[in-house]
Amino acid sequence: MTGPARRKGLTPRSEDFSAWYNEAVQQAELADYSPVRGSMVIRPWGYGIWENMQRALDDMFKATGHSNAYFPLLIPMSFIEREKEHVEGFKPELAVVTHAGGKDLEEPYVIRPTSETIIYSMYAKWVQSYRDLPILLNQWANVMRWELRTRLFLRTAEFLWQEGHTAHATEAEADEEALRMLGVYRSFMEDWMGMPPLTGAKSESEKFAGAVRSYACEALMQDGRALQAGTSHMLGQNFARQFGLTFQSEQGREEYAWNTSWGVSTRLVGGLVMTHGDDVGVVVPPRLAPTQVIVVPIGRSDEQWAAVREAAERVVGGLGDAGVRVEADTRRHLSPGAKFFEWERKGVPVRVEIGPRDVARGEVVVVRRVTAPGEERKEGVGEGRAVAGMPARLEALQGRLLEAARARREAGTHRGEVSSIEELGALLDGGAGFVHSGWSGDPAVEERVKEATRATIRVIPGEEFRSAAAPERCVGGGKARMEVVWARAY
RNA sequence: CGGGGCGUGGCGCAGCCCGGUAGCGCGCCUGCUUUGGGAGCAGGAGGUCGCCGGUUCGAAUCCGGCCGCCCCGACCA
């Protein structure tokens, strides 16, 4: 199995999804393992995707009134320890700096696992009056959580993310903010990633350490497991109390501010791979692809090469003018086939082949990375028409990826009464990803389900995702008080 | 942290049981011929066999300890 036959492709997803994922990520050159335990190197192709994600998200944050700022990497240990649930949640995975400048530090610093504490300590300095609120900041940063078991992009010890932190005068305003950003995440995942998530609230046991309410986007991966792709928290006044974040209200009273925090990380890149990838490799949606179109000139003799190069340059120029991110692969030591495989593994949405035959006809061959049923993969198109039609072609592909992912999510979702834990387990074993059911609200039921099936409540779905007929029975027996969605999660 | 697997040129592996000249494929370099789905031939470079210690005339191989990586589980907004 290690010979040439194996080298031609990845381990099929159906055979070993985990092996497929690792191979897909590495062969697409998204990331590589590093000498540092649990920390990966994000390579240019992977980082390019992240940069495109950042740009889109950053624009959305700005459009909703937020500004960027930057806070220190190191946080005094005492800060983390101040909020009781927060410290309990994060203590086990903290990396601590105890020694610097050649001597032991008086107070250790932790490498931020998240920045609530240091940010709200600063907000406390900046806020005196209700007129200073709201504060709407975001930071792009790296954070560190010493995870016991890591996986490329999905869970690494160090990862890149953005964390939004806001302070408001009222609870209603804070909750509105938390929900607004949940909606921003959802739009981003749908419109840019083609990864339609379920959104809703977290149960008590799954919420963020220190939050009053947590909201999340949960996406269904191709292996039927859920990926928590983004979270937004209404922190109440928990941190404000610990850090003295108070303001004088319009009525002259001293009050604690209400906070929110929200974040998405490089984990999204892993989600992208597991949403759209196939047995050939990664598939990157056009809006996020660092290169949307790869032009491959094909020629034997020097004269042929000169002719196809010229045509390739014309196409690259034309596409560039049309706002398409395009590149020509002019390496002469590689055969066309080798280049085809390489770019397919990386997931470039469209390839344009230009050989002597095409030049003679004034055509190019346009090849799609993914095809709809019944659609030709390769297509000879007049050069001018190929260039002019490319933006529309890319948008169509973007839309198709979203629809395919939505269809997979729906096919992997079970709705209807689930009246026992055994039945829930059978549904999950039978291929269901998201299983809707009723729930009494009793944490003991969650615990029992987890024991028996390894599934957890991913969300208490928002209105739009609830079933037409609300479930009446709780999976643990008795009456349901709400609808929940179960899944085995990453 | 529990269980399993694995550390040998850049990558993937064989050799280890049974101690004795370190091997294969891919990749890389040079030359020539090639280029429409992973090119061919010829020549070449590249390895203190994860680390430390022990046994032995002699250790990739046997013994002890340590370190690291991957997978499953536990843990993990």
Side-chain angles (χ1 to χ4, degrees), chain A residues 1-9 11 16-19 21-23 26-27 32-40 85-86 88-94 113-114 116 143 145-152 154-157 161 163 178 201-218 228-235 261-265 267 280 296-302 304-305 308 329-345 351 353-359 363-365 367 377-378 380 450-451 454 456 458-459 488-490:
Chain A
M1 220 57 72
T2 53
R6 180 61 148 205
R7 196 171 57 84
K8 295 250 182 206
T11 300
D16 184 345
F17 195 79
S18 192
Y21 176 80
N22 287 329
E23 291 168 21
Q26 284 182 89
Q27 291 196 25
D32 201 358
Y33 297 102
S34 82
V36 181
R37 197 205 75 100
S39 296
M40 65 175 177
E85 282 185 25
H86 194 62
E88 276 171 19
F90 283 106
K91 195 98 193 209
E93 45 192 79
L94 292 179
T114 179
E116 276 77 6
V143 289
R145 299 177 187 181
W146 209 255
E147 302 287 356
L148 294 174
R149 187 178 159 209
T150 58
R151 307 197 55 189
L152 295 171
L154 300 175
R155 179 170 289 104
T156 47
W161 77 342
E163 45 182 329
K202 285 290 185 184
S203 71
E204 198 59 23
S205 68
E206 293 277 328
K207 71 171 207 216
F208 176 69
V212 170
R213 267 190 296 286
S214 287
Y215 302 101
C217 292
E218 294 279 334
Q228 179 169 295
T231 49
S232 183
H233 313 289
M234 209 296 279
L235 301 172
S261 67
W262 27 276
V264 295
S265 71
R267 170 180 260 202
V280 173
V296 181
I298 300 161
R300 238 164 287 167
S301 62
D302 285 348
Q304 282 183 340
W305 185 251
V308 296
D329 188 344
T330 56
R331 292 173 293 180
R332 279 200 85 174
H333 66 281
L334 288 182
S335 70
K339 293 177 186 178
F340 298 166
F341 280 106
E342 181 176 324
W343 292 107
E344 281 170 10
R345 276 197 308 257
R351 175 172 78 241
E353 304 174 7
I354 307 179
R357 294 202 298 268
D358 307 306
V359 172
E363 286 192 353
V364 299
V365 176
V367 188
R377 205 168 73 92
K378 294 195 181 195
K450 193 172 178 182
E451 279 285 299
R454 288 180 305 141
T456 49
R458 299 324 299 160
V459 283
R488 291 173 179 146
Y490 272 94

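All values derive from a computational prediction rather than experimental measurement. Heavy atoms only: backbone and side chains are in, while hydrogens, waters and symmetry mates are out.
- Remark: A:D329 engages A:R331, A:W343 in a side-chain hydrogen bond (donor to acceptor under 3.5 Å, both in side chains) (not counting sequence neighbours).
- Considering only residues two or more places apart in sequence or on other chains, A:R454 meets the salt bridge (Lys or Arg N to Asp or Glu O under 4.0 Å) condition with none of them.
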Each nucleotide N or O in nucleotides 31-33 of chain B that has a protein N or O under 3.5 Å away: list the pair and distance.
none

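- In the set B:G36, B:C76, B:G38, B:C76 carries the atom at the smallest distance from any side-chain atom of A:R155.
- Comparing B:C70, B:C69, B:U35 against the side chain of A:R37 picks out B:C69 as the nearest.
- Every side-chain contact (heavy atoms from CB on, under 4.5 Å) that A:R155 has, sequence neighbours left out, goes to A:E147, A:R267.
- For the pair A:S301 and A:K450, both in contact range of RNA chain B, the more 5′-proximal nearest nucleotide belongs to A:S301.
- The interatomic distance linking A:D329 (CG) with B:G38 (C1') rounds to 13 Å, in whole Å.
- Between the side chain of A:K378 and the base of B:G37, at least one donor-acceptor pair of N or O atoms lies under 3.5 Å.
- At least one side-chain heavy atom of A:T114 sits under 4.5 Å from a side-chain heavy atom of A:R145.
- Using a 4.0 Å cut-off, some side-chain N or O of A:R454 falls inside it from OP1 or OP2 of B:G73.
- Of the candidates B:U35, B:G37, B:C70, the closest approach to any side-chain atom of A:I298 belongs to B:U35.
- B:G9 and B:G15 are spaced 15 Å apart, taking the C1' atom of each and rounding to whole Å.
- Atoms OH (A:Y33) and P (B:C69) sit 11 Å apart, rounded to a whole Å.
- Residue contacts shown for A:V365 include a base, since a base heavy atom lies under 4.0 Å away.
- Between A:E147 and A:S34, it is A:S34 whose nearest contact on RNA chain B lies nearer the 5' terminus.
- Nearest to the side chain of A:R332, among B:C76, B:U35, B:C70, sits B:U35.
- Residue-level contact check: A:S214 touches neither bases nor backbone, having no heavy atom under 4.0 Å from any strand.
- B:C41 is paired with B:G31 under the Watson-Crick or G-U wobble criterion, all donor-acceptor distances under 3.5 Å.
- Where stacking is scored as ring centres under 5.5 Å apart with planes under 30°, A:F340 does not register as stacked on the base of B:G37.
- A:V212 is linked by a side-chain contact (heavy atoms from CB on, under 4.5 Å) to A:M234, A:N238, counting only residues two or more places apart in sequence or in another chain.
- OP1 or OP2 of B:C71 lies within a sub-4.0 Å distance of a side-chain N or O belonging to A:N22.
- A donor-acceptor contact under 3.5 angstrom links the side-chain atoms of A:E344 to the base of B:G37.
- Put simply, the side chain of A:R351 and the base of B:G37 share a donor and an acceptor less than 3.5 Å apart.
- B:G65 and B:C70: their P atoms are spaced 24 Å apart (whole Å).
- Atom name C1', nucleotides B:C28 and B:G12: the rounded distance is 15 Å, in whole Å.
- Looking at residues two or more places apart in sequence or on another chain, you find no salt bridge (Lys or Arg N to Asp or Glu O under 4.0 Å) involving A:E88.
- Of the listed nucleotides (B:A74, B:G37, B:G36), B:A74 has the atom at the smallest distance from the side chain of A:L148.
- Which of B:G68, B:C70, B:G36 sits closest to the side chain of A:P336 comes down to B:G36.
- Here A:P92 lies out of heavy-atom contact (under 4.0 Å) with every strand.
- Across all strands shown, nothing is found opposite B:U48 as a Watson-Crick or G-U wobble partner with both distances under 3.5 Å.
- When the side-chain nitrogen and oxygen atoms of A:K339 are compared with OP1 and OP2 of B:A39, none of them lie within a distance under 4.0 Å.
- Closest approach of A:P297 to A:W305, counting heavy atoms only: O-CZ3, 3.6 Å.
- Rounded to whole angstrom, the span from the CD atom of A:E353 across to the P atom of B:U35 amounts to 16 Å.
- Nucleotides B:C41 and B:G4, compared at atom C1', are 45 Å apart to the nearest Å.
- Closest to the A:R345 side chain, of the nucleotides B:C70, B:G38, B:C71, is B:G38.
- Counting heavy atoms from C-beta outward, A:R351 and A:K339 have side chains that stay 4.5 Å or more apart.
- Nucleotides B:G5 and B:A45 are separated by 34 Å at their C1' atoms, to the nearest Å.
- The closest side-chain heavy-atom distance from A:L154 to A:Y21 is below 4.5 Å.
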